[in-house]
Number of protein chains: 2
Amino acid sequence: MDKQTITIYDVAREASVSMATVSRVVNGNPNVKPATRKKVLEVIDRLDYRPNAVARGLASKKTTTVGVIIPDVTNIYFSSLARGIDDVATMYKYNIILANSDENGQKEIQVLNTLLAKQVDGVIFMGNQITESIRAEFTRSKTPIVLAGSVDPNEQVASVNIDYVEAIDEATSTLVRHGNEKIAFVTGSLSEPINGQYRLKGYKKALAQAKIAYDPNLVFETEYSYKAGEAIWDRVKAAGATAAVIGDDELAIGLLNGAGDDGVVVPDDFELITSNDSKLTEMARPKMSSITQPLYDIGAVAMRLLTKMMNKEEVDNQTILLPYGIVERGTTK
Amino acid sequence: MDKQTITIYDVAREASVSMATVSRVVNGNPNVKPATRKKVLEVIDRLDYRPNAVARGLASKKTTTVGVIIPDVTNIYFSSLARGIDDVATMYKYNIILANSDENGQKEIQVLNTLLAKQVDGVIFMGNQITESIRAEFTRSKTPIVLAGSVDPNEQVASVNIDYVEAIDEATSTLVRHGNEKIAFVTGSLSEPINGQYRLKGYKKALAQAKIAYDPNLVFETEYSYKAGEAIWDRVKAAGATAAVIGDDELAIGLLNGAGDDGVVVPDDFELITSNDSKLTEMARPKMSSITQPLYDIGAVAMRLLTKMMNKEEVDNQTILLPYGIVERGTTK
DNA sequence: AAAAGCATTTAAACCGCTTGCATTTTTTTG
DNA sequence: CAAAAAAATGCAAGCGGTTTAAATGCTTTT
């Protein structure tokens with residue numbers, strides 16, 4: 001009927017030692033005589049004892065679990081980061097509680113709170129908007145937090161990203177160099193700093209450098225999805241753009257297909273560079289030129305940084321920028 | 001310095017009631033006088049008290065957390081299921097601990113054990129191979145388990161799937177109807193029941209019905225990845241196939257692109273039907289014809305089933321088959 | 001007004017493990 | 001060989017809740 005769990009107490013009794021000793025051998029504490037350790041280990045094995053992590057968590061105030069807030073696991077960009085996060089988490093004996101937020105501020109706060117209630121040792125947050133309310137929650141809790149692939153303009157909270165300004169500047173400049181003068185900039189909401197501040201800045205910078213006037217009509221704000229990309233093609237075309245820099249791969253492949261289905265030949269008639277270099281770029285035809293970013297590593301590094309913070313180690317640089325690059329594949333001349 | 005946590009005890013003191021009463025109001029127990037409830041609620045609000053889920057878990061033996069073992073979050077098929085799982089989990093106030101297994105038996109067991117140590121209330125397992133050792137772990141623990149998008153030939157453990165035999169039969173028959181006689185069947189390892197038993201059976205069934213001899217040379221075993229698909233095209237072509245039924249969307253898009261890059265026109269010269277109807281099917285060009293399966297729902301239903309099991313409700317049918325269909329898009333005539 | 005019957009509350013025993021401190025055992029040392 | 005030092009081990013107090021049995025209040029009944 002009941003789960004007939006065997007506890008540390010059972011082991012102690014069977015091995016005729018105290019719970020304290022059993023606890024020590026379980027935790028690899030060196031203050032145990034080898035003979036005793038062996039005896040205890042045998043009993044543990046015989047009884048098939050497994051420490052209850054919840055009890056352990058209560059007593060030690062550590063759960064070896066971190067919370068991961070992700071907009072949508074189904075988006076390849078985020079799931080790539082998540083994979084990096086999970087792998088290094090595993091490496092450091094942590095588990096991750098994964099929660100989708102849909103970038104909904106309300107949900108984010110809600111989720112963050114339940115994660116904190118569950119006493120996670122740290123949290124990794126993905127989401128492009130660090131609203132005041134979520135920041136308030138962050139600071140209120142003493143739990144370490146790091147952003148992965150998400151910027152905090154204030155640089156208050158630790159984060160791992162690439163230099164979006166430079167990256168988009170370079171991507172845009174590439175397009176300029178290929179002779180384009182009307183380059184569309186299509187991405188997610190400009191109210192998200194990553195778009196409205198960083199990427200847009202890079203875009204403008206490249207234009208200024210090329211002495212091309214900035215035209216707001218070439219800036220397209222939409223959501224990160226394939227459908228949105230397909231849908232926005234008409235407007236991009238109508239605006240007279242001959243090329244586009246795009247902030248998300250799903251969005252980009254949508255736009256690419258939208259153009260293709262419209263009879264436009266890429267890259268001859270239209271060039272395009274996307275931003276994330278996820279595996280989608282290789283799946284598209286033509287393959288998409290892209291800013292390259294180490295997605296997996298962004299997640300991995302973020303998690304590594306978090307382990308340091310949870311470990312109260314001194315961290316010299318809270319705001320990490322990983323290297324990016326540009327690969328030209330089939331969507332640029 | 002310390003996290004200065006405020007506990008139920010603090011609330012009790014401030015509200016001059018016992019912890020038990022505070023516990024009752026927190027848990028919505030009706031046996032509390034409205035006036036008392038109000039008073040306690042005020043103190044909770046004033047002190048900004050949040051129940052410690054770990055302590056609660058220890059005392060109540062419920063963690064409202066379920067473990068989710070997934071081969072790879074980065075694979076759109078699995079992440080789609082995961083999304084369904086998480087949404088329903090959230091709906092029922094559960095959180096999910098997500099762990100990647102890479103379909104590695106060793107890792108799966110390892111992960112399952114740490115999940116059980118963390119006292120998850122249930123687990124959802126994705127992975128195409130239910131080895132004896134993992135099944136042993138399953139039965140050893142009294143924790144409810146359900147498989148999502150993964151079959152257990154023995155039907156010992158609860159699961160949610162579509163009818164792979166029928167689905168592949170229908171897909172293959174469609175290809176037959178279009179006049180193909182040499183139809184390749186390309187999928188993951190045949191040692192996985194879902195492929196070796198179910199899908200293969202459907203494939204053979206369709207051939208038999210059409211009086212086409214089964215030719216082992218038209219069966220391709222590979223891994224579920226884009227690269228694998230691209231790579232296997234040459235062999236499929238060499239085998240003289242004029243069409244293919246494929247067990248995974250990433251694999252399918254790889255094969256599709258492999259063919260296209262080789263100058264083969266799909267669907268005129270080669271037809272293809274894939275299996276999962278993930279968003280990749282719409283991203284490919286031509287768009288891929290596919291067996292349709294309610295990916296999100298498979299996850300959602302699996303989680304729903306798990307909630308029932310965790311709740312010790314009687315479950316009439318442990319082996320759920322959701323409806324599937326066939327959509328013909330651009331890769332079939 | 002005392003006895004009953006309910007509705008509320010409280011006291012206190014866990015839940016299973018960690019950990020500081022005390023105690024015991026073993027090893028060194030003079 | 002006794003004393004001091006070091007190494008092992010045990011005790012018991014938490015960790016922050018849940019939950020049951022018992023106690024307390026009030027209202028109702030007779």
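Every chain is numbered from 1 and lettered A, B, ... according to where its sequence line falls, protein lines coming before strand lines. Just so it is clear, the values below take in all heavy atoms, side chains as well, and ignore hydrogens, waters and symmetry mates.
Sorted by first and then second residue, the pairs that involve residues 19-38 of chain A and meet salt bridge (Lys or Arg N to Asp or Glu O under 4.0 Å), not counting sequence neighbours, are A:K38-A:E42.
Using a 4.5 Å heavy-atom threshold, the side chains of A:D10 and A:T7 count as touching.
Rounded to whole Å, the distance from CZ on A:R13 to C1' on D:dG10 is 17 Å. Between the NZ atom of A:K118 and the P atom of D:dC15 there is a distance of 23 Å, given to the nearest Å. Atoms CG (B:N29) and C1' (C:dA7) sit 12 Å apart, rounded to a whole Å. Atom NZ in B:K33 sits about 11 Å away from atom C1' in D:dT24, given to the nearest Å. Counting to the nearest Å, the P atom of C:dT8 and the NZ atom of B:K38 are 17 Å from each other. D:dA23 atom P lies 19 Å from atom CG of B:N31, rounded to whole Å.
Evaluation of the salt bridge (Lys or Arg N to Asp or Glu O under 4.0 Å) rule for A:R83 yields A:D87, B:D72, B:D102 as partners, not counting sequence neighbours. Under the side-chain contact (heavy atoms from CB on, under 4.5 Å) criterion, A:V301 pairs with A:V160, A:I320, A:L322, sequence neighbours left out. Under the side chain to side chain donor-acceptor pair (under 3.5 Å) criterion, A:S133 pairs with A:T131, not counting sequence neighbours. For A:E313, there are no salt bridge (Lys or Arg N to Asp or Glu O under 4.0 Å) partners, not counting sequence neighbours.
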Check: Tell me, for nucleotides 13-20 of chain C in 5' to 3' order, what letter each nucleotide earns: B for a base near a protein heavy atom under 4.0 Å, S for only sugar-phosphate near one, - for neither?
Finding: --BBBBBB
